[in-house]
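In what follows, every heavy atom counts, from backbone to side chain, and hydrogens, waters and symmetry copies are set aside. Quick note: residue numbers are just sequence positions, from 1. Read the numbers this way: they start at 1 and go in the same order the structure lists the ligands and their atoms.
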Amino acid sequence: MSFEVKAYAAKEKKGSLAPHDIERREVGDNDVHIDITYCGVCHSDIHSVNNDWGNAKYPMVPGHEIIGKVKSVGPNVTNFAVGDLVGVGCMVDSCRTCSSCKQDLEQYCEEGMVGTYNGKDKHLGGHTFGGYSESIVVDQEYVLRVPTNLDEKAIAPLLCAGITTYSPLNHWGVKKGDKVGVIGLGGLGHMGIKFAAAMGAHVVMITTSPSKSADAKRLGADEVLISKNIDEMEQHRGTFDFLLNTVPVGHDVNPYLDLLKLDATMVLVGAIEPLEPMHGGKLILGRKRLAGSLIGGIKETQEMLDFCGEHDIVSDVEMINIDEINEAYKRVQNNDVKYRFVIDMKSL
Ligand code: NAP
Ligand code: ZN
Ligand code: ZN
């Protein structure tokens, strides 16, 4: 059993998004049916539509920064009630029994997490459809409680950009006084600055765009480092405790590794693709580490949302209507977004 809802989908690789009806499953015993009010636009949505990662399934309804109101719940749902403000991020299920799932690290599920879109739909067959749609049906274990003291539309990006930057800062134990560099001031980067600043770090925005300097400081950066300026990069050599690299494409990591102190770590979250060759000496000389990180588990995502409620942290958003989505994709690709597009789903 299923029902039809309105959505926006890409029908083919690099295709424009256009109206398209999809099926949602009937609300099951453990399910929450959510009327979507806002959905953020992540650079991953664009990578997915363009099939940059080679696993795209069409029609594709992107969107994994979902905010909405609970419309109905199944009989076994105890965590949520009709009318609650809730969120859904990048995953809607996982095996729940593997060692990753048991450690609250469902994003690393050994059987593969079920993506909010482009994942395997075990209920209806085919693949899952994301948040550029009227409503979504999600198992209660993968639904998040959202702080009610924050601006609803600016919460949406926390569900991906927020957790993706909070998790590595948290996991690698960033603390007061650490010198932390955030590389790339886009959707992820602007959240990285806010979290690192809230954790008490000395935050340096490392950017290719001098024009973003004033914004970086307004968002909480103590300093701005222009990565194309070799002299400036040299002045910061060997001084960083931690680097969070959000660059969305394969690139040369060597100049960034030079910035790390002895024993320090750079975490990649952006480039899910081949990097330019890296010199082993950049790690060996200084016992440095290059690591990666994928979103965060459900427990940590809830912790991040609660942290945002306590510290008044939301995303800086530019609101769009759904029919502006193709233009928004172009602007993200042209590095022209301040700093996250969010779709007002009433416009669907
Ligand atoms: P975004 O809004 O487009 O921001 C990326 C920023 O990186 C740009 O604003 C730009 O900042 C910088 N940049 C762009 N091209 C660059 C280049 N060639 N060299 C150096 N810097 C460059 O993207 P986003 O939504 O933040 O996403 C960033 C990446 O993270 C995407 O690839 C996305 O798929 C990925 N992602 C990963 C996860 C995960 O779990 N690991 C989760 C979500 C997203 P400046 O102008 O400041 O240089
Ligand atoms: Zn995302
Ligand atoms: Zn698992």
Test item: side-chain donor near acceptor, [X] and [Y], under 3.5 Å:
{"X": "Asp252", "Y": "Asn254", "result": "yes"}
{"X": "His190", "Y": "Ser315", "result": "yes"}
{"X": "His202", "Y": "Glu223", "result": "yes"}
{"X": "Asn51", "Y": "Tyr58", "result": "no"}

**Item:** Polar protein atoms near the Zn ion (ligand 2) [N, O or S; cut-off under 2.8 Å]
**Value:** Cys42 SG, His64 NE2, Cys160 SG

**Asked** What do the steps show when you test Tyr8 against His20 for ring-ring contact (aromatic ring centres under 6.0 Å, His included), and what is the final call?
**Response** CA-CA 5 Å; Tyr8 250 59; His20 175 76; over 10 Å; no

**Asked** Roughly, to 10 degrees, what angle do Cys109 atom SG and Cys98 atom SG form around the Zn ion (ligand 3)?
**Response**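 Centred on the Zn ion (ligand 3), the SG/SG angle is 120° (to 10°).
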
**Prompt:** Are Lys179 and Phe240 in a cation-pi contact, defined as NZ or CZ under 6.0 Å from the six-membered ring centre and within 45° of the axis?
**Reply:** yes

**Prompt:** Do you reckon Leu219 sits in the same ILVMFWY cluster as Val247, going by side-chain contacts under 4.5 Å, direct or chained?
**Reply:**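 Each belongs to a different hydrophobic cluster.
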
**Message:** Evaluate Phe3 against His33 for ring-ring contact (aromatic ring centres under 6.0 Å, His included), listing each step before the verdict.
**Reply:** CA-CA 12 Å; Phe3 59 97; His33 184 195; 5.1 Å; yes

**Prompt:** Once the angle between the rings of Phe195 and Phe307 is folded into 0 to 90°, is it parallel (under 30°), tilted (30 to 60°) or perpendicular (over 60°)?
**Reply:**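 Phe195 vs Phe307 ring planes: tilted.
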
**Request:** Taking the side chain as every heavy atom from C-beta outward, state whether Ser133 and Arg24 have any pair of such atoms under 4.5 Å apart.
**Result:**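 Contact flag for Ser133/Arg24 side chains = yes.
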
**Request:** Compile the protein residues with any heavy atom at a distance under 4.0 Å from an atom of ligand 1; present them by chain, then by number.
**Result:** Cys42, His43, Ser44, His47, Trp53, Cys160, Thr164, Gly184, Leu185, Gly186, Gly187, Leu188, Thr207, Thr208, Ser209, Lys212, Thr246, Val247, Pro248, Val249, Val269, Gly270, Ser293, Leu294, Ile295, Val332, Asn335, Arg340

